[in-house]
Structures are given as C-alpha cells and as structure tokens.
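I have placed the structure first, in the form of structure tokens, so that the comments after it can refer back to it.
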Amino acid sequence: MRERLKELLFERAKGKARELGLDLTEDTERNIRNLIDIAVDRMTFNEASSVVENTRALMNTDVLIERLAKSQYGNTLDYKSFNGIRDAICPLWPFC
C-alpha cells in the first residue's frame, strides 16, 4: 500500500512539472522521490489507507511542485531550486 502511494505521488509530481512546462534534473527528481518516500513513511496506517488523506497528499504534491516552479529560474527545476523551497514548504502535509 505505501509503495503504491509513493509511486502515485511521484508520478503526480512529475506530471505536474510537465504540465507547468518544467524539466526535472536527475538530482531534483531523486530529491523529490526521497521527500515523498519520507512523507509516506511518516504517515500512520490510517492516513496511508484513507482515500481522503491520499487525496489531500495528491493535492499537496501539486502545491509542492507549484512552489518549486515559482522558486526556479528558467524551465529546469534544479537542485538549487529544490533546496531553496524544501525548508519553506511547511506546514505542507505530509511533507513536513
């Protein structure tokens, strides 16, 4: 269940980046995947199995990518952009 949710959120993040016309560098893609993995691992069993909480996590994944997009320069979401926003996203559940 958790692995499926991790993959779903990661695909959502990549799709949102594509929708915004942005490219993810390998480092940023890896960092986003790690952030999602940690977030899902922190979720309780009830949160991870709840349709409502999964929907909330999907919507907040969009918010995460939108905030990353606003912090970057050009069309590439790079390591610098990711690090600049990572600490500023709180309290964006389940990422912090």
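Owing to the predicted nature of the structure, the values given are computational and were not obtained by experimental measurement.
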Heavy atoms of Ala69 and Leu20 approach each other most closely as CB-CD1, 3.9 Å
Find out whether Asp27 and Arg30 are in side-chain contact, i.e. whether some heavy atom of one side chain is under 4.5 Å from a heavy atom of the other.
yes
Determine, step by step, whether Lys6 and Asp41 satisfy the side chain to side chain contact (heavy atoms under 4.5 Å, CB included) criterion, reporting the C-alpha distance in whole Å, the side-chain angles of both residues, the deciding distance to 0.1 Å, and the verdict.
CA-CA 9 Å; Lys6 289 176 184 180; Asp41 287 343; 2.9 Å; yes
Against Ile32, only a single residue in Asn34, Leu35, Ile36 fulfils side-chain contact (heavy atoms from CB on, under 4.5 Å); can you say which?
Ile36
Leu5 side, atom CG; Glu7 side, atom CD - distance, nearest 0.5 Å
10.5 Å
So, does Thr28 use its side chain to make a donor-acceptor pair with the main chain of Leu24 at under 3.5 Å?
no
Got a donor-acceptor contact below 3.5 angstrom from the Arg2 side chain to the Met43 backbone?
yes
Non-hydrogen side-chain atoms of Lys16 and Glu11 separated by less than 4.5 Å:
no
Distance check, rounded to the nearest 0.5 Å: Met59 atom CE versus Asn54 atom CG?
11.5 Å
How many angstroms lie between atom CG of Asp37 and atom CZ of Phe10, to the nearest 0.5 angstrom?
9.0 Å
Co-members of the apolar cluster containing Met1 [side chain, <4.5 Å]
Phe45
Check this for me: Arg56, atom CZ, are more than 12 non-hydrogen atoms of other residues, nucleotides or ligands nearer than 6.0 Å?
yes
Taking C-beta and beyond as the side chain, do Leu22 and Arg18 meet within less than 4.5 Å on heavy atoms?
no
Identify whether Leu58 and Ile38 are in the same connected component of the hydrophobic contact network (ILVMFWY, side-chain heavy atoms under 4.5 Å).
no
Test item: Val63 and Arg67 side chains (from C-beta on) under 4.5 Å apart, heavy atoms
yes
Any side-chain to backbone donor/acceptor pair from Arg12 onto Asp62? Under 3.5 Å, distance only.
no
